[in-house]
2 protein chains.
Amino acid sequence: MVQQEVLDRTFAALADATRRQILIRLGRGPASIGELAEPFGMSLTGMKKHVHVLENAGLVTTEKVGRSRQCRLGTERLEDAMSWIRFYQRLWERRLDGLDAYFTLTKEDDR
Amino acid sequence: MVQQEVLDRTFAALADATRRQILIRLGRGPASIGELAEPFGMSLTGMKKHVHVLENAGLVTTEKVGRSRQCRLGTERLEDAMSWIRFYQRLWERRLDGLDAYFTLTKEDDR
DNA sequence: TTTATAGTGAACCACATGGTTCAGCAAGAG
DNA sequence: CTCTTGCTGAACCATGTGGTTCACTATAAA
(Lines give C-alpha, C1' and ligand atoms only; values in the text may rest on other atoms or scores of the structure.)
Protein backbone atom coordinates (compact mmCIF):
# COMPACT_ATOMS: atom_id res chain seq x y z
CA MET A 1 0.00 0.00 0.00
CA VAL A 2 1.04 3.59 -0.37
CA GLN A 3 3.18 5.32 2.25
CA GLN A 4 0.91 6.12 5.16
CA GLU A 5 2.50 9.50 5.74
CA VAL A 6 1.78 10.60 2.20
CA LEU A 7 -1.86 9.64 2.62
CA ASP A 8 -1.92 11.46 5.95
CA ARG A 9 -0.70 14.68 4.39
CA THR A 10 -2.88 14.34 1.31
CA PHE A 11 -6.12 13.79 3.19
CA ALA A 12 -5.22 16.43 5.77
CA ALA A 13 -4.59 18.92 2.99
CA LEU A 14 -7.99 18.14 1.50
CA ALA A 15 -9.73 18.47 4.87
CA ASP A 16 -10.10 22.24 4.57
CA ALA A 17 -12.64 24.06 2.44
CA THR A 18 -10.26 26.95 1.71
CA ARG A 19 -7.62 24.59 0.37
CA ARG A 20 -10.13 22.69 -1.74
CA GLN A 21 -11.17 26.03 -3.23
CA ILE A 22 -7.55 26.83 -3.95
CA LEU A 23 -7.19 23.58 -5.84
CA ILE A 24 -10.26 24.37 -7.90
CA ARG A 25 -8.94 27.85 -8.60
CA LEU A 26 -5.61 26.40 -9.71
CA GLY A 27 -7.52 24.02 -11.94
CA ARG A 28 -8.27 27.10 -14.04
CA GLY A 29 -4.57 27.93 -14.35
CA PRO A 30 -1.57 29.01 -12.24
CA ALA A 31 -1.79 31.90 -9.80
CA SER A 32 0.38 33.89 -7.45
CA ILE A 33 0.01 33.92 -3.67
CA GLY A 34 -1.63 37.32 -3.87
CA GLU A 35 -4.09 36.25 -6.54
CA LEU A 36 -5.04 33.26 -4.44
CA ALA A 37 -5.39 35.30 -1.26
CA GLU A 38 -7.54 38.06 -2.72
CA PRO A 39 -10.90 36.25 -3.15
CA PHE A 40 -10.70 35.02 0.45
CA GLY A 41 -9.77 38.42 1.87
CA MET A 42 -6.92 36.63 3.58
CA SER A 43 -3.44 37.88 4.42
CA LEU A 44 -0.59 36.83 2.14
CA THR A 45 1.02 35.09 5.08
CA GLY A 46 -2.12 33.09 5.74
CA MET A 47 -2.43 32.06 2.11
CA LYS A 48 1.21 31.13 1.95
CA LYS A 49 0.65 28.69 4.80
CA HIS A 50 -2.20 27.00 2.94
CA VAL A 51 -0.11 26.76 -0.21
CA HIS A 52 2.69 25.30 1.85
CA VAL A 53 0.41 22.57 3.19
CA LEU A 54 -0.76 21.75 -0.33
CA GLU A 55 2.82 21.76 -1.57
CA ASN A 56 3.91 19.45 1.25
CA ALA A 57 1.16 17.07 0.24
CA GLY A 58 2.38 17.17 -3.36
CA LEU A 59 -0.93 18.58 -4.56
CA VAL A 60 0.62 21.88 -5.66
CA THR A 61 4.02 22.92 -6.93
CA THR A 62 5.37 26.45 -6.74
CA GLU A 63 8.18 28.41 -8.30
CA LYS A 64 9.51 31.84 -7.52
CA VAL A 65 9.26 34.06 -10.59
CA GLY A 66 10.59 37.55 -10.06
CA ARG A 67 9.08 38.84 -6.86
CA SER A 68 5.96 36.71 -7.14
CA ARG A 69 5.47 32.98 -6.61
CA GLN A 70 3.62 30.99 -9.23
CA CYS A 71 1.52 28.14 -7.88
CA ARG A 72 0.41 25.27 -10.08
CA LEU A 73 -1.42 22.00 -9.53
CA GLY A 74 0.66 18.99 -8.63
CA THR A 75 0.00 15.73 -10.32
CA GLU A 76 -0.30 12.27 -8.89
CA ARG A 77 -1.26 12.65 -5.25
CA LEU A 78 -4.98 12.81 -5.72
CA GLU A 79 -4.63 9.50 -7.53
CA ASP A 80 -3.14 8.05 -4.33
CA ALA A 81 -6.02 9.32 -2.24
CA MET A 82 -8.59 8.07 -4.71
CA SER A 83 -6.99 4.66 -4.99
CA TRP A 84 -7.02 4.27 -1.23
CA ILE A 85 -10.72 5.13 -1.13
CA ARG A 86 -11.34 2.69 -3.95
CA PHE A 87 -9.48 -0.03 -2.08
CA TYR A 88 -11.54 0.59 1.00
CA GLN A 89 -14.75 0.61 -1.01
CA ARG A 90 -13.88 -2.74 -2.49
CA LEU A 91 -13.65 -4.10 1.06
CA TRP A 92 -16.96 -2.63 1.96
CA GLU A 93 -18.77 -3.73 -1.18
CA ARG A 94 -17.43 -7.24 -0.84
CA ARG A 95 -19.03 -7.30 2.58
CA LEU A 96 -22.37 -6.19 1.17
CA ASP A 97 -22.23 -8.52 -1.82
CA GLY A 98 -21.75 -11.55 0.35
CA LEU A 99 -24.06 -10.74 3.21
CA ASP A 100 -25.00 -14.37 3.74
CA ALA A 101 -21.40 -15.48 3.82
CA TYR A 102 -20.73 -12.54 6.09
CA PHE A 103 -23.34 -13.52 8.61
CA THR A 104 -22.17 -17.10 8.80
CA LEU A 105 -18.51 -16.13 8.79
CA THR A 106 -18.70 -13.58 11.55
CA LYS A 107 -21.15 -15.34 13.81
CA GLU A 108 -18.49 -15.82 16.45
CA ASP A 109 -17.13 -12.27 16.69
CA ASP A 110 -20.38 -10.58 15.78
CA ARG A 111 -22.25 -11.33 18.98
CA MET B 1 -21.60 20.77 -4.36
CA VAL B 2 -21.69 18.73 -1.20
CA GLN B 3 -21.72 20.43 2.21
CA GLN B 4 -18.23 21.69 2.86
CA GLU B 5 -18.35 20.73 6.51
CA VAL B 6 -19.13 17.12 5.68
CA LEU B 7 -16.15 16.98 3.35
CA ASP B 8 -14.01 18.63 6.03
CA ARG B 9 -14.88 15.96 8.56
CA THR B 10 -14.64 13.11 6.09
CA PHE B 11 -11.18 14.01 4.81
CA ALA B 12 -9.97 14.87 8.30
CA ALA B 13 -11.15 11.48 9.53
CA LEU B 14 -9.24 9.79 6.73
CA ALA B 15 -6.08 11.80 7.44
CA ASP B 16 -4.89 9.42 10.12
CA ALA B 17 -3.31 6.01 9.54
CA THR B 18 -4.84 4.54 12.69
CA ARG B 19 -8.33 5.50 11.58
CA ARG B 20 -7.77 4.14 8.08
CA GLN B 21 -6.71 0.86 9.67
CA ILE B 22 -9.85 0.87 11.77
CA LEU B 23 -11.96 1.23 8.64
CA ILE B 24 -10.16 -1.68 7.03
CA ARG B 25 -10.67 -3.76 10.15
CA LEU B 26 -14.37 -2.92 10.17
CA GLY B 27 -14.49 -3.95 6.53
CA ARG B 28 -14.05 -7.50 7.83
CA GLY B 29 -17.07 -7.14 10.12
CA PRO B 30 -18.25 -5.23 13.20
CA ALA B 31 -16.10 -4.93 16.31
CA SER B 32 -16.24 -3.55 19.83
CA ILE B 33 -14.10 -0.68 21.10
CA GLY B 34 -11.90 -3.15 22.94
CA GLU B 35 -11.43 -5.36 19.90
CA LEU B 36 -10.45 -2.34 17.87
CA ALA B 37 -8.05 -1.02 20.51
CA GLU B 38 -6.20 -4.28 21.14
CA PRO B 39 -4.11 -4.57 17.93
CA PHE B 40 -2.88 -1.00 18.40
CA GLY B 41 -2.02 -1.46 22.06
CA MET B 42 -4.05 1.66 22.67
CA SER B 43 -6.23 2.60 25.64
CA LEU B 44 -9.97 2.15 25.29
CA THR B 45 -10.38 5.88 25.81
CA GLY B 46 -8.00 6.62 22.96
CA MET B 47 -9.76 4.24 20.64
CA LYS B 48 -13.13 5.63 21.58
CA LYS B 49 -11.96 9.05 20.46
CA HIS B 50 -10.94 7.71 17.05
CA VAL B 51 -14.26 5.93 16.66
CA HIS B 52 -16.01 9.13 17.63
CA VAL B 53 -14.20 11.04 14.88
CA LEU B 54 -15.15 8.38 12.34
CA GLU B 55 -18.71 8.40 13.58
CA ASN B 56 -18.91 12.19 13.34
CA ALA B 57 -17.77 11.90 9.76
CA GLY B 58 -20.47 9.35 9.07
CA LEU B 59 -17.90 6.72 8.14
CA VAL B 60 -18.85 4.49 11.07
CA THR B 61 -22.00 3.87 13.06
CA THR B 62 -22.07 2.49 16.57
CA GLU B 63 -24.63 0.99 18.86
CA LYS B 64 -24.43 0.09 22.51
CA VAL B 65 -25.14 -3.60 23.00
CA GLY B 66 -25.08 -4.66 26.59
CA ARG B 67 -21.94 -3.27 28.12
CA SER B 68 -20.01 -3.26 24.85
CA ARG B 69 -20.34 -0.96 21.85
CA GLN B 70 -20.60 -2.45 18.39
CA CYS B 71 -18.93 -0.42 15.63
CA ARG B 72 -19.86 -0.91 11.99
CA LEU B 73 -18.95 0.78 8.74
CA GLY B 74 -21.07 3.69 7.66
CA THR B 75 -22.22 3.94 4.12
CA GLU B 76 -22.25 6.87 1.79
CA ARG B 77 -19.61 9.28 3.04
CA LEU B 78 -16.67 7.79 1.21
CA GLU B 79 -18.73 8.27 -1.93
CA ASP B 80 -18.85 11.98 -1.14
CA ALA B 81 -15.09 12.16 -0.74
CA MET B 82 -14.47 10.18 -3.88
CA SER B 83 -16.88 12.25 -5.92
CA TRP B 84 -15.16 15.44 -4.82
CA ILE B 85 -11.80 14.03 -5.87
CA ARG B 86 -13.29 12.95 -9.18
CA PHE B 87 -14.72 16.42 -9.73
CA TYR B 88 -11.36 17.97 -9.05
CA GLN B 89 -9.62 15.51 -11.32
CA ARG B 90 -11.97 16.34 -14.12
CA LEU B 91 -10.91 20.01 -13.77
CA TRP B 92 -7.30 19.06 -13.84
CA GLU B 93 -7.57 16.67 -16.78
CA ARG B 94 -9.55 19.18 -18.75
CA ARG B 95 -6.66 21.56 -18.26
CA LEU B 96 -4.20 19.04 -19.58
CA ASP B 97 -6.40 17.93 -22.46
CA GLY B 98 -6.87 21.43 -23.76
CA LEU B 99 -3.49 22.97 -23.13
CA ASP B 100 -3.75 25.24 -26.18
CA ALA B 101 -7.16 26.47 -25.24
CA TYR B 102 -5.88 26.90 -21.73
CA PHE B 103 -3.02 29.15 -22.79
CA THR B 104 -5.23 31.39 -24.87
CA LEU B 105 -8.04 31.42 -22.31
CA THR B 106 -5.94 32.36 -19.33
CA LYS B 107 -3.62 34.84 -20.98
CA GLU B 108 -5.06 37.70 -19.03
CA ASP B 109 -5.06 36.29 -15.54
CA ASP B 110 -2.01 34.11 -15.98
CA ARG B 111 0.65 36.78 -15.92
C1' DT C 1 18.50 55.87 -6.59
C1' DT C 2 14.34 55.98 -4.51
C1' DT C 3 9.95 53.97 -3.81
C1' DA C 4 6.30 50.82 -4.16
C1' DT C 5 5.02 45.92 -4.29
C1' DA C 6 5.01 40.60 -3.38
C1' DG C 7 6.38 37.55 -0.60
C1' DT C 8 8.75 35.73 3.74
C1' DG C 9 9.65 34.75 8.70
C1' DA C 10 9.01 35.24 13.52
C1' DA C 11 6.01 35.72 17.22
C1' DC C 12 1.69 35.33 18.94
C1' DC C 13 -3.28 33.63 19.78
C1' DA C 14 -7.24 30.50 20.48
C1' DC C 15 -8.56 26.17 19.68
C1' DA C 16 -8.30 21.17 17.95
C1' DT C 17 -5.88 16.61 18.05
C1' DG C 18 -4.02 12.38 19.66
C1' DG C 19 -2.80 10.51 23.30
C1' DT C 20 -2.57 9.42 28.46
C1' DT C 21 -4.40 8.33 33.53
C1' DC C 22 -7.80 7.94 36.91
C1' DA C 23 -12.34 7.56 38.77
C1' DG C 24 -16.70 6.03 37.88
C1' DC C 25 -20.91 3.44 36.03
C1' DA C 26 -23.58 -0.28 34.07
C1' DA C 27 -24.17 -5.00 32.66
C1' DG C 28 -23.14 -9.89 33.10
C1' DA C 29 -21.30 -13.81 35.75
C1' DG C 30 -20.90 -16.38 40.04
C1' DC D 1 -25.47 -9.40 46.34
C1' DT D 2 -20.77 -9.02 44.88
C1' DC D 3 -17.16 -8.97 41.58
C1' DT D 4 -15.35 -8.36 37.16
C1' DT D 5 -15.36 -6.31 32.78
C1' DG D 6 -16.16 -2.79 29.00
C1' DC D 7 -16.91 1.44 28.28
C1' DT D 8 -17.25 6.47 29.54
C1' DG D 9 -15.98 11.24 31.11
C1' DA D 10 -13.01 14.58 32.99
C1' DA D 11 -8.62 16.44 33.32
C1' DC D 12 -4.29 16.92 31.60
C1' DC D 13 -0.29 17.28 28.22
C1' DA D 14 2.43 18.28 24.03
C1' DT D 15 1.92 19.44 19.54
C1' DG D 16 -0.41 21.12 15.34
C1' DT D 17 -3.62 24.36 12.88
C1' DG D 18 -5.55 28.46 10.95
C1' DG D 19 -5.26 32.73 11.36
C1' DT D 20 -3.25 37.40 12.59
C1' DT D 21 0.38 41.49 12.81
C1' DC D 22 4.80 43.46 12.23
C1' DA D 23 9.34 43.88 10.56
C1' DC D 24 12.14 42.59 6.72
C1' DT D 25 14.04 41.28 2.01
C1' DA D 26 14.07 41.39 -2.81
C1' DT D 27 12.45 42.73 -7.16
C1' DA D 28 10.36 46.08 -10.41
C1' DA D 29 9.21 50.60 -11.65
C1' DA D 30 9.87 55.68 -11.84
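By convention in this document, chain letters (A, B, ...) are assigned in the order of the sequence lines, proteins followed by strands, and residues within each chain are numbered from 1.
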Measure from [atom1] on [X] to [atom2] on [N] and round the result to the nearest Å.
X       : N      : atom1 : atom2 : value
A:Glu38 : C:dT5  : CD    : P     : 16 Å
A:Asn56 : D:dG16 : CG    : C1'   : 13 Å
A:His52 : C:dG9  : NE2   : C1'   : 12 Å
A:Gln70 : C:dT8  : CD    : P     : 12 Å
B:Leu54 : C:dT17 : CG    : P     : 12 Å
A:Glu63 : C:dA6  : CD    : P     : 18 Å
A:Phe11 : D:dG16 : CZ    : P     : 21 Å
B:Asp8  : C:dC15 : CG    : P     : 18 Å

Answer whether the closest heavy-atom distance between the side chains of [X] and [Y] falls below 4.5 Å.
X       : Y       : result
B:Gln70 : B:Lys64 : no
B:Val60 : B:Leu26 : yes
B:Arg25 : B:Leu36 : yes

Extract from the structure each pairing of a protein N or O with an N or O of nucleotides 5-9 of chain D at less than 3.5 Å, listing the distance.
{"from": "D:dT5", "atom 1": "O4'", "to": "B:Arg67", "atom 2": "NH1", "distance (Å)": "3.4"}
{"from": "D:dT5", "atom 1": "O2", "to": "B:Arg67", "atom 2": "NH1", "distance (Å)": "2.7"}
{"from": "D:dC7", "atom 1": "OP1", "to": "B:Ile33", "atom 2": "N", "distance (Å)": "3.2"}
{"from": "D:dC7", "atom 1": "OP2", "to": "B:Gly34", "atom 2": "N", "distance (Å)": "2.9"}
{"from": "D:dC7", "atom 1": "O3'", "to": "B:Lys64", "atom 2": "NZ", "distance (Å)": "3.4"}
{"from": "D:dT8", "atom 1": "OP1", "to": "B:Arg69", "atom 2": "NE", "distance (Å)": "2.5"}
{"from": "D:dT8", "atom 1": "OP1", "to": "B:Arg69", "atom 2": "NH2", "distance (Å)": "2.6"}
{"from": "D:dG9", "atom 1": "OP2", "to": "B:Lys48", "atom 2": "NZ", "distance (Å)": "3.0"}
{"from": "D:dG9", "atom 1": "O6", "to": "B:Thr45", "atom 2": "OG1", "distance (Å)": "2.9"}

Please output the side-chain donor-acceptor pairs of residues 15-22 of chain B that fall under 3.5 Å, not counting sequence neighbours, one pair per line with the distance.
{"from": "B:Asp16", "atom 1": "OD1", "to": "B:Thr18", "atom 2": "N", "distance (Å)": "2.9"}
{"from": "B:Asp16", "atom 1": "OD1", "to": "B:Arg19", "atom 2": "N", "distance (Å)": "3.1"}
{"from": "B:Arg19", "atom 1": "NE", "to": "B:Ala13", "atom 2": "O", "distance (Å)": "2.9"}
{"from": "B:Arg19", "atom 1": "NH1", "to": "B:His50", "atom 2": "ND1", "distance (Å)": "3.3"}
{"from": "B:Arg19", "atom 1": "NH2", "to": "B:Ala12", "atom 2": "O", "distance (Å)": "3.1"}
{"from": "B:Arg20", "atom 1": "NE", "to": "A:Gln4", "atom 2": "OE1", "distance (Å)": "3.4"}
{"from": "B:Arg20", "atom 1": "NH1", "to": "A:Asp8", "atom 2": "OD1", "distance (Å)": "3.0"}
{"from": "B:Arg20", "atom 1": "NH1", "to": "B:Leu14", "atom 2": "O", "distance (Å)": "2.7"}
{"from": "B:Arg20", "atom 1": "NH2", "to": "A:Gln4", "atom 2": "O", "distance (Å)": "3.1"}
{"from": "B:Arg20", "atom 1": "NH2", "to": "A:Gln4", "atom 2": "OE1", "distance (Å)": "2.6"}
{"from": "B:Arg20", "atom 1": "NH2", "to": "A:Asp8", "atom 2": "OD1", "distance (Å)": "2.8"}

Nearest heavy atom decides the nucleotide; on that basis, is A:Ser43 or A:Gly66 closer to the 5' end of DNA chain D?
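Nearest-nucleotide comparison on DNA chain D picks A:Ser43.
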- For A:Phe11 and A:Ile85, what are the C-alpha separation, side-chain angles and deciding distance, and is it a side chain to side chain contact (heavy atoms under 4.5 Å, CB included)? CA-CA 11 Å; A:Phe11 282 124; A:Ile85 293 183; 4.1 Å; yes
- request: Would you check if there is a donor-acceptor pair between the side chains of A:Arg69 and A:Thr62 at a distance under 3.5 Å?
  value: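 Yes - a donor-acceptor pair under 3.5 Å links their side chains.
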